[in-house]
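One structure is given here, and the rest of the page talks about it.
Sequential numbering from 1 along the given sequence is applied to the chain's residues.
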Amino acid sequence: GSTRLSGRDPFSLGATVGLGWQSTDRRIQIGASLMTPVTLRFEGDAHVENAGISPLVDADSNELQPQGQRDDQVRMSLPLPLIARLGVAWRPAPRWRIEADVNWQRWSTFEELRVDFVNEYELLPTTGAYLYDITVENNWRDTWSARIGVEATPFRKPLALRLGVFFDQSPIDDRHF
């Protein structure tokens, strides 16, 4: 069968604060920022389809949901990490710019993903055949990423040539993917 979860976060609030500095000749720029962690709290619907699902009936044998599918409300929380960033830009010549930045992301706070089915309806008239809450252990780790790029504008016309490389770690190890 298949399971489809859909939802939205009614309201979340986060903030980013930053500092910047620029040399008087504007050849060097340095910036740093800190993005606060925020938890997205999704609320929505779950739709499960499987030919083996029995019809859902009430105590008076009235059919509440048809055979082969089950609908329920669902809640999930997704914590986004604290992120610290530092970047530097340097203009060695008027038509050249070199930039580098590093980012640190605190993914270790995302310990688990929990899918909470509100009603946990019965799927089959068998002991234990219900929509149970799901908890996925993440055990994620904090990550670093680094980028460096070069931009050249060799002509007076609006054409920029760019080249860059980056290193980006994944917070997920192969046991928790």
*Hey, does L80 have a side-chain heavy atom less than 4.5 Å from the side chain of L40?*
yes
*L161 versus P154: any side-chain heavy-atom pair under 4.5 Å?*
yes
*For the atom pair OG (S77) and CZ (R114), what is the distance rounded to the nearest 0.5 Å?*
10.0 Å
*Check whether any side-chain heavy atom of W104 lies under 4.5 Å from a side-chain heavy atom of D142, and answer yes or no.*
yes
_Under 4.0 Å between a side-chain nitrogen and a carboxylate oxygen: does that hold for E151 and R162?_
yes
_With rounding to the nearest 0.5 angstrom, report the OG1 to CG distance, T3 to N50._
8.5 Å
_Let me check something: do Y132 and L56 share a hydrophobic cluster, defined by ILVMFWY side-chain heavy atoms less than 4.5 Å apart, either directly or through other members?_
no
*I would like to know whether D133 and E120 meet side-chain contact (heavy atoms from CB on, under 4.5 Å); could you show each step before the answer?*
CA-CA 8 Å; D133 296 342; E120 298 183 351; 2.8 Å; yes
*With hydrophobic residues grouped by side-chain heavy-atom distances under 4.5 Å, do I134 and F42 end up in a single group?*
yes
*Go through the side-chain N and O atoms of D45 and Q73 and say whether any donor and acceptor fall under 3.5 Å apart.*
no
*Do N139 and E111 come close enough that some side-chain heavy atom pair is under 4.5 Å?*
no
_Just so I know, are the side chains of V165 and R147 near enough to count as touching, which here means a heavy-atom distance under 4.5 Å?_
no
*Same hydrophobic cluster for M76 and V118, using side-chain heavy-atom links shorter than 4.5 Å among ILVMFWY?*
no
*Run the side-chain contact (heavy atoms from CB on, under 4.5 Å) check on V74 and V115 step by step: do they pass?*
CA-CA 7 Å; V74 67; V115 179; 3.3 Å; yes
*Are the side chains of V48 and L131 in touch, meaning some heavy atoms are under 4.5 Å apart?*
yes
*Determine yes or no for a side-chain-to-main-chain donor-acceptor pair under 3.5 angstrom, with E112 supplying the side chain and V136 the backbone.*
no
*Before accepting this row, confirm whether a basic side-chain N of the pair R41/E43 lies closer than 4.0 Å to the acidic partner's carboxylate O.*
no
*Does the side-chain contact (heavy atoms from CB on, under 4.5 Å) test come out yes or no for V150 and W96, once each step is laid out?*
CA-CA 7 Å; V150 176; W96 287 85; 3.6 Å; yes
*asked:* Check for me, please, whether Y121 and L64 land in the same ILVMFWY cluster - side-chain distances under 4.5 Å, paths through other members count.
replied: yes
*Does the side chain of T24 pick up a donor-acceptor pair with the side chain of R26 at under 3.5 Å?*
no
*With under 30° as parallel and over 60° as perpendicular, where do the rings of W107 and W140 fit, or are they tilted in between?*
perpendicular
*Separation between OG of S2 and NE2 of H47, rounded to the nearest 0.5 Å*: 6.5 Å
*Would you check if S108 and R141 make a side-chain contact, meaning some heavy-atom pair closer than 4.5 Å?*
no
*Hey, does R27 have a side-chain heavy atom less than 4.5 Å from the side chain of W90?*
yes
*Are side-chain N/O atoms of Q22 and Q29 paired as donor and acceptor at under 3.5 Å?*
yes
*Passes side-chain contact (heavy atoms from CB on, under 4.5 Å), Q65 versus D71? Steps please.*
CA-CA 8 Å; Q65 293 192 31; D71 292 304; 3.8 Å; yes
*When you look at CZ of F166, are more than 12 heavy atoms from neighbouring residues, nucleotides or ligands closer to it than 6.0 Å?*
no
